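These notes concern the structure reproduced below.
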There are 2 protein chains.
Amino acid sequence: MARSALAEKSSLALPHRHPRRTREEHSHETAQDYVEIIAELIASTGEARVIDLARRLGVTHVTVARTIKRLQREGLVTSLPYRSIFLTPSGRKLSEESRSRHTTVVDFLKSLGVPKVVAQSDAEGIEHHVSRETLQAFEKHLRKTKIA
Amino acid sequence: MARSALAEKSSLALPHRHPRRTREEHSHETAQDYVEIIAELIASTGEARVIDLARRLGVTHVTVARTIKRLQREGLVTSLPYRSIFLTPSGRKLSEESRSRHTTVVDFLKSLGVPKVVAQSDAEGIEHHVSRETLQAFEKHLRKTKIA
DNA sequence: ATTAATGTGTAGCATTAGCTACAAAAGTAA
DNA sequence: TTACTTTTGTAGCTAATGCTACACATTAAT
Ligand SMILES: [Mn+2]
Ligand SMILES: [Mn+2]
Ligand SMILES: [Mn+2]
Ligand SMILES: [Mn+2]
C-alpha cells in the first residue's frame, strides 16, 4: 500500500472530480465563437473575411486563417484561397445554437442587474459552460422576471 | 479603398468585439483550479501529491507535474522532487478567492433549481468567467431567495 | 533485507493558439 | 496600365496542455 492510500482512507471531502478536458473543450469554444461571428458578419455585411474575424477577435489574420482551416477540416465552414468564408449546414446549426445561448445568457445576467457591458463581456465566457439544464433554468427565471 | 471598407460602411450591427485572449485566460483558469484543489487536498488529507491532483483532474501525472512547475515559476506553489506540494501565500490567497467564488456559483445555480450535480459541473467552467459585478449579483440573488 | 507496488521524473510527440516577418494575390485609385 | 493599399498565404517561433514510454525513487509488504 502506497502513500496516498492513507490519504484516501482519511478523506473527508468527497472526491468531487474536476475533469479538465481543456484542450478539447477549448477548441469547441473557439469553434462556437467563430461560427457565431461568421454568421453575424454574413448577416450584417454580406460576407465573412479573415480580416474581419481577426479584427473582431483581436488576433492576427494568421491565427484566424489557421483556425478556419481547422473548422473546415471539422466540416463547419468552407473556404477557398482569397475568397470569403461560408458556413456548412452543420456550421449554421452550431451558429444558431450558439447565438441563441449567447442571447439567453446576456439577457439573464442583465435581468439580475448586471450592467449591460459587463453582462456582454461575462457572457462571452459563461456561454460555453452552460448546460441544457442551466440554460433552461436561466430561461425560466427570465420568464418570471419579465412578467413581474 | 479595399474590400471590407464597404462592409464597414454598411455595417448595421455594432462591432461588439469578442477579444479572445485565450492562452492567457486559460492558464489563469488552470492555476485557479490547481490551487483550489491543492488547498482541498491539504485540508482533507494533509498533503497534496502530484498523483492526487492527476486523479482529481483526470489527466496523467506528467501533465500535472509540468503544470506544477509552471505554477512554481509563477510563485503560486513550492515543491521539491519527490515531496508534496505547498501553496505560497499568494497561492493560498488565490485558492481562497477561487474556492469562495466556486461556492457562490454552485449555490447560485442550485438556487435557480439546477440539479446539484449539474450545478457542480457547470460551476467548474462558469466560475472562471464571473466578474466581480456578476458575482455580487449572484450573491444578492442568493440573499433574496434565502429569505423567501 | 528483498521484493513488489506506487509515485515521480524525463524524453519526446501532437495539437491548439498566439506572434512576427515576409511574399504574393487581389482590389482600388491615379 | 501602373502604382498603391489591403488582404491573404506561408514559414517559423513560442507556450500550454494533452499523451505514451521508460527510468528511477520512494514506500509498503514479505
Ligand atoms: Mn464566447
Ligand atoms: Mn458568443
Ligand atoms: Mn474550474
Ligand atoms: Mn473550482
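From a predicted model like this one, the values you see are computed outputs, not experimental measurements. In the text below, chain A, chain B and the rest are named by the order of the sequence lines, each starting its count at 1.
For the pair A:Thr60 and B:Pro81, both in contact range of DNA chain C, the more 5′-proximal nearest nucleotide belongs to B:Pro81. Each of A:His26 and B:Ala65 was matched to the nucleotide of DNA chain C holding its nearest heavy atom; the match closer to the 5' end belongs to B:Ala65.
Comparing C:dA17, D:dC19, C:dA25 by their nearest atom to the side chain of A:Tyr82 picks out C:dA25. You'll find that the side chain of B:Thr67 is closest to D:dT17, out of D:dT17, D:dC19, C:dT8. Distance from the side chain of B:Arg23 is smallest for D:dA16 among the nucleotides D:dA16, D:dT17, D:dA21. For A:Thr30, the listed nucleotide lying nearest its side chain is C:dA17; candidates were D:dC24, C:dC19, C:dA17.
Between the CD atom of B:Glu47 and the P atom of C:dG7 there is a distance of 11 Å, rounded to whole Å. One can place CD of A:Gln32 at 16 Å from C1' of C:dT16, the figure rounded to the nearest angstrom. The CD atom of A:Glu25 sits 16 Å away from the C1' atom of C:dT15 (whole-angstrom rounding). Atom pair A:Leu80:CG and C:dA25:P shows a separation of 16 Å (rounding to whole Å applied). Following rounding to the nearest Å, A:Arg73 (CZ) and C:dA17 (C1') show an atom-to-atom distance of 13 Å. Atom CG in B:Leu71 sits about 10 Å away from atom P in D:dA16, given to the nearest Å. Between B:Asp33 atom CG and D:dA16 atom P the separation is 16 Å, expressed in whole Å. At whole-Å resolution of the value, CD1 in A:Ile51 and P in D:dT7 are 5 Å apart.
Electrostatic pairing of B:Arg92 and B:Glu96 does not count as a salt bridge here, judged by no charged N lying under 4.0 Å from a carboxylate O.
Within 4.0 Å (heavy atoms only), A:Thr63 reaches at least one base atom of the nucleic acid. Within 4.0 Å of B:Arg83, counting heavy atoms only, lies no atom of the nucleic acid at all.
In this structure, the aromatic ring of A:His61 is positioned over the six-membered ring of the base of D:dT8, centres within 5.5 Å and planes within 30°.
By the 30° and 60° cut-offs, the orientation of the rings of B:His141 relative to A:His141 is perpendicular.
The phosphate of D:dT10 has OP1 or OP2 within less than 4.0 Å of a side-chain N or O from A:Lys69. Phosphate proximity of C:dT15 to A:Ser27: absent, as no side-chain N or O sits under 4.0 Å from OP1 or OP2. In this structure, A:Arg55 reaches the D:dT7 phosphate: one of its side-chain N or O atoms is under 4.0 Å from OP1 or OP2.
The base of D:dG18 sits with one of its N or O atoms less than 3.5 Å from a complementary donor or acceptor on the side chain of B:Arg66.
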What pairs of donor and acceptor atoms, side-chain ones from residues 131-140 of chain B against any protein atom, are under 3.5 angstrom apart with sequence neighbours left out?
from	atom 1	to	atom 2	distance (Å)
B:Ser131	OG	A:Asp122	OD1	3.4
B:Ser131	OG	A:Asp122	OD2	2.6
B:Ser131	OG	B:Thr134	N	3.3
B:Ser131	OG	B:Thr134	OG1	3.3
B:Thr134	OG1	A:Asp122	OD2	2.5

Considering only distance and modelled atom types, tabulate donor-acceptor pairs under 3.5 Å from the side chains of residues 73-81 of chain B, sequence neighbours left out.
from	atom 1	to	atom 2	distance (Å)
B:Glu74	OE1	B:Arg70	NH1	3.3
B:Glu74	OE2	B:Arg70	NH1	3.1
B:Ser79	OG	B:Gln72	OE1	3.3

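Just one residue in the list A:Glu127, A:Arg101, A:Arg99 forms a side chain to side chain contact (heavy atoms under 4.5 Å, CB included) with A:Gln32, and that residue is A:Arg101. When B:Thr63, B:Asp33, B:Val64 are each tested for a side chain to side chain contact (heavy atoms under 4.5 Å, CB included) with B:Leu53, only one passes: B:Val64.
If one axis is set at each end of the helix from C:dA1-D:dT30 to C:dA30-D:dT1 from five pairs, those axes are 10° apart, to 10°.
Put simply, the side chain of A:Arg55 never gets that close to the backbone of A:His61: no donor and acceptor are under 3.5 Å apart. Between the B:Thr45 side chain and the B:Ile42 main chain, no donor and acceptor come within less than 3.5 Å of each other.
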